[in-house]
Amino acid sequence: MPQANTLYAAYAGHIAAALDALEAAGTLPAGLNRAAVTVEPPRDPAHGDLSTNAAMVLAKGAALNPRQLAEAICTELGKAPGVTSADIAGPGFINLRLAGSAWLAELRTIATSGRDYGRSTSGAGRTVNVEYVSANPTGPMHMGHCRGAVVGDALASLLEFAGHKVIREYYVNDAGAQVDVLARSVHLRYREALGEAVGEIPEGLYPGDYLVPIGQQLAAEFGDRFAAAAEGEWLALFRTRAVGAMLEMIRADLALLGIKHDLFSSEAELQAAGKPEAAEQWLRAHDLVYDGVLEAPKGKTLDDWEPVALPLFRSTRFGDDQDRPIRKSDGNWTYFGADLAYHFQKAETADALVDIWGADHAGTVKRIKAAVAAMTGAEGTPKPFEVKLVQMVQLLKGGQPFKMSKRSGNFVTLADVVEMVGKDVVRFTMLTRKPDAQMDFDFDKVVEASKDNPVFYVQYAHARVRSTLRKAAAEGLAPSADRLDLLGAEELDLIKLTAQFPRLIEAAAAAREPHRIAFFLGELAAAFHSYWNLGNDRPEKRFIVSQDANLSGARLYLAEQIGQLVRNGLALLGVEAVEEM
RNA sequence: GCGCCCGUAGCUCAGUUGGAUAGAGCACGAGCCUUCUAAGCUUGGGGCCGCAGGUUCGAAUCCUGCCGGGCGCGCCA
C-alpha cells in the first residue's frame, strides 16, 4: 500500500468499500479474489479522472454480465467523497470524475509529505538483498560494469522507498585463478619497482599500470625479500595485498557514481568457512548432487575434451539443460559451486534476493536459480530470487564506436567516463532505457544541452522551479495554499500527473524497474515546460503575476510541489537536482 | 545445435504486468523570442506493434512455431 493519504490509495479504498457493500447486499458473492482490480487514469482523459476494471474482472465470479455489475458498483461509488460522476464505458470500465478539491488536496499532501511523497509500505519491511557490480577485483571499474552498477543502485533505492529493508551487496571473487594472475602481475611490478627491467608485460598477466603503485608499495615495505623467492613464498601475501588495493580502487570508482554497498562478501572467506562443503553435504543428502560424467559441449569442436567424473548438481530438475559441476577435477570449487553456497548464505538473512548481472552471464542464470530453488525450497516455498540481466552498452562518439586504450589496459574506465561527462549524466542515461535492451552511449549526445537530452531536460525543470521561486521571493511573493481554488484546468492537469508518482513507485518496485522513474520525470518535465510556455504569450498565465498575490501564491505553491517531486524522483536515481543552470 | 534477451513511426525509444482510438523525442511541414531562463513551446503528416497460428469479453503485452539482430553456451570467471 502507498501512504494511505495519497489520492490513488484513497480511491482504491473507496472501491474496496463499494465492493464490500455489494457483498453485504448479496450482489457479489463473498470471498472473490480482488487482486486484479485496478485504479488507473483512463487512457483518454476525456473519459474521466479515474478508471477501474472492477466490474470486468469480477463479473465472471459473480455470474453477472460486466455492465450489470458495473451499474451496481457505480451506484455505490457515486456516494464516495469527491466523486462527481461515475459512468460505465466500453465493455464495463467504470470512469470516475473527481471534484477539483480532491486534486488540490493531493497537492497539499505533496507539501506535507515532502521528500517522503511517494514512499510506500508495499514492501512491508521485507528484507531484499540486492547484489550488484561484483566485478572481479583485478582492476579498476570499466564501462562494462557501469550499467549494472547504476541500475542496481537505483533499484536498491527504489525498493527502500517502497518499504523494503535493503542490503546492498558486492560479491568479491577473490578465490579464483584470476586473483593468482593478479598476484603474479603485482609481483612483476614489485620487481620493476626494485629496479629490474621487466620490459613488456607478458601475455596472460594484467598489463595495466594501475598495478605500478602497488608494486612500489610492496617494494618499500618488503625490500627485495620476495624478488627471487619461489612463488609459494609470496603468492598468498601478494594476492591479499593486491585484492585489497583493487577493492579500494573499485570503492573509489563506485563513489564517483555515488554508490556505496552495505556489504562486501568475500568468496575466499566463504570457502575458508567451509560453506561450499556444507552445501555439498546437504545437497548430496537430498540427492541433488551426484557423481557423474558430463557430455562434451555441443556445437563446438574441442580437441582437449575428456570425460571425467565430477560432483554434479541436478539443475536439470529445475529446468536447466544440463547438470552442473560444483567441483573441478582437481577438487577445487567451480565458480558455480561457491556461488551456490554464497546464495544460500544470502538467503539466510534476506526474504528475497535480486542479482544484477551482465548479459554475458545469461547462460548461468538457470543453474543458479535452480540452486536457490533447491536449497531454499526444501521445506515449502523457495525464496523469491530474481536475476536481472543488464544488456551491453556500446560506447560511441559522434556515432562511431569509441575505443580508449591508454593507461589501464585496453578498456574504457568508468572513472574516465565520469570525468568526461559527469555522474548525473552517466546515471540518468543508464536509466533511460529498460535494462534488458541493448543501448548506445554516445559521448556527444549525452552531454548535449538540449531537450533531446533527458538529463538536461529534467534538471532544467527543477532549476526553473527554483529560479522562479527565487525571483518571486525578490518581489515579495511566496507560495501559499490559501487560495488553491484559483488554480484552473491547466494547473489541475499538472496535479493529476504528479498524483501518479505513488502508483509509479509501487509498480516500478514490484517490477524491479527503476527506469520507469526516469521516464516519468521526463513526462513531468515536459508537462511543466509546456505549462510554463503558456506564459510566453499570455502573461496572465505566468507563475508570477505581480499584481495578484493570491494567484501567484497558489501557482508558486504548485511549482514548489513539482520541484519537490522532481527532487524525489531524482534522489531515487541518484541524480542531483540543481538550483540553476 | 542449444539457451537467454531484443524486434513498436524514416531514426532513437516508452507502453502503467491483458484493457478503451498504440505514445514521446529526433527528423520533415507550418507557426511562436523588447521572455517569470525560447537551453523552450504550439501545430500537422507519418504504424501490418517482425510473420503465422492459438488462448478470451478484449492481445503490442500471454502460449506455440517460424524470420531477423545481439549475447552466451567447457571443470573459465
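Reminder, nothing fancy here: chain letters follow the sequence lines and each chain counts from 1. Because the structure is predicted, anything quoted here is derived from the model rather than measured.
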Query raised in the report: Under a 3.5 Å cut-off for both distances, is G58(B) Watson-Crick or wobble paired, and to whom?
Result: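 Pairing partner, where one exists within any strand: none, as none qualifies.
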
Report task. Searching all strands shown, indicate the nucleotide that pairs with U12(B) (Watson-Crick or G-U wobble; both distances under 3.5 Å). Result ->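 In the structure as shown, U12(B) has A24(B) as its Watson-Crick or wobble partner.
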
Query - Least distance between heavy atoms, D323(A) atom then L294(A) atom - result: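 Residues D323(A) and L294(A), closest heavy atoms: O-CD2, 3.3 Å.
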
Can you find an N or O donor on one side and an acceptor on the other, under 3.5 Å apart, linking the side chain of [X] with the base of [N]?
| X | N | value |
| --- | --- | --- |
| S51(A) | A20(B) | yes |
| N53(A) | A20(B) | no |
| S530(A) | C41(B) | no |

Separation between the [atom1] atoms of [N] and [M], rounded to whole Å:
| N | M | atom1 | result |
| --- | --- | --- | --- |
| U17(B) | C71(B) | P | 32 Å |
| G72(B) | G10(B) | C1' | 32 Å |
| G58(B) | C73(B) | C1' | 40 Å |
| A60(B) | U21(B) | C1' | 15 Å |

Report task. Would you indicate what A437(A) reaches in the nucleic acid, counting non-hydrogen atoms under 4.0 angstrom: base, sugar-phosphate, or nothing? Result ->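 The answer is nothing, as A437(A) stays clear of every strand by at least 4.0 Å.
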
Requested in this report: May I ask you to say what D442(A) touches in the nucleic acid, namely base, sugar-phosphate or nothing, with a heavy-atom cut-off under 4.0 Å?
Outcome: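 Result for D442(A) = nothing.
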
Query raised in the report: Do R503(A)'s NZ or CZ and the ring of Y8(A) fall within the cation-pi criteria of under 6.0 Å and 45°?
Result: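 Satisfied, under 6.0 Å and within 45°.
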
Requested in this report: Using a cut-off of 6.0 Å, state whether more than 12 heavy atoms not belonging to K445(A) lie near its atom NZ.
Outcome: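 Counting neighbours around NZ of K445(A), 12 or fewer heavy atoms of other residues, nucleotides or ligands fall under 6.0 Å, so no.
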
Query - Nucleic acid contacts - residues 62-72 of chain A versus RNA chain B, non-hydrogen atoms under 4.0 Å - result: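 Nothing qualifies; none.
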
**Report entry** Centroid separation Y531(A) to F543(A) less than 6.0 Å
**Finding:**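 Centroid separation for Y531(A) and F543(A): below 6.0 Å.
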
Query raised in the report: Taking the inter-plane angle between the rings of H529(A) and Y457(A) on a 0 to 90° scale, is it parallel (under 30°), tilted (30 to 60°) or perpendicular (over 60°)?
Result: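 Taking Y457(A) first and then H529(A), their aromatic rings sit tilted (interplane angle of 30° to 60°).
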
Report task. Ignoring hydrogens and angles, state whether a donor on the side chain of S120(A) or E506(A) is under 3.5 Å from an acceptor on the partner side chain. Result ->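 Yes.
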
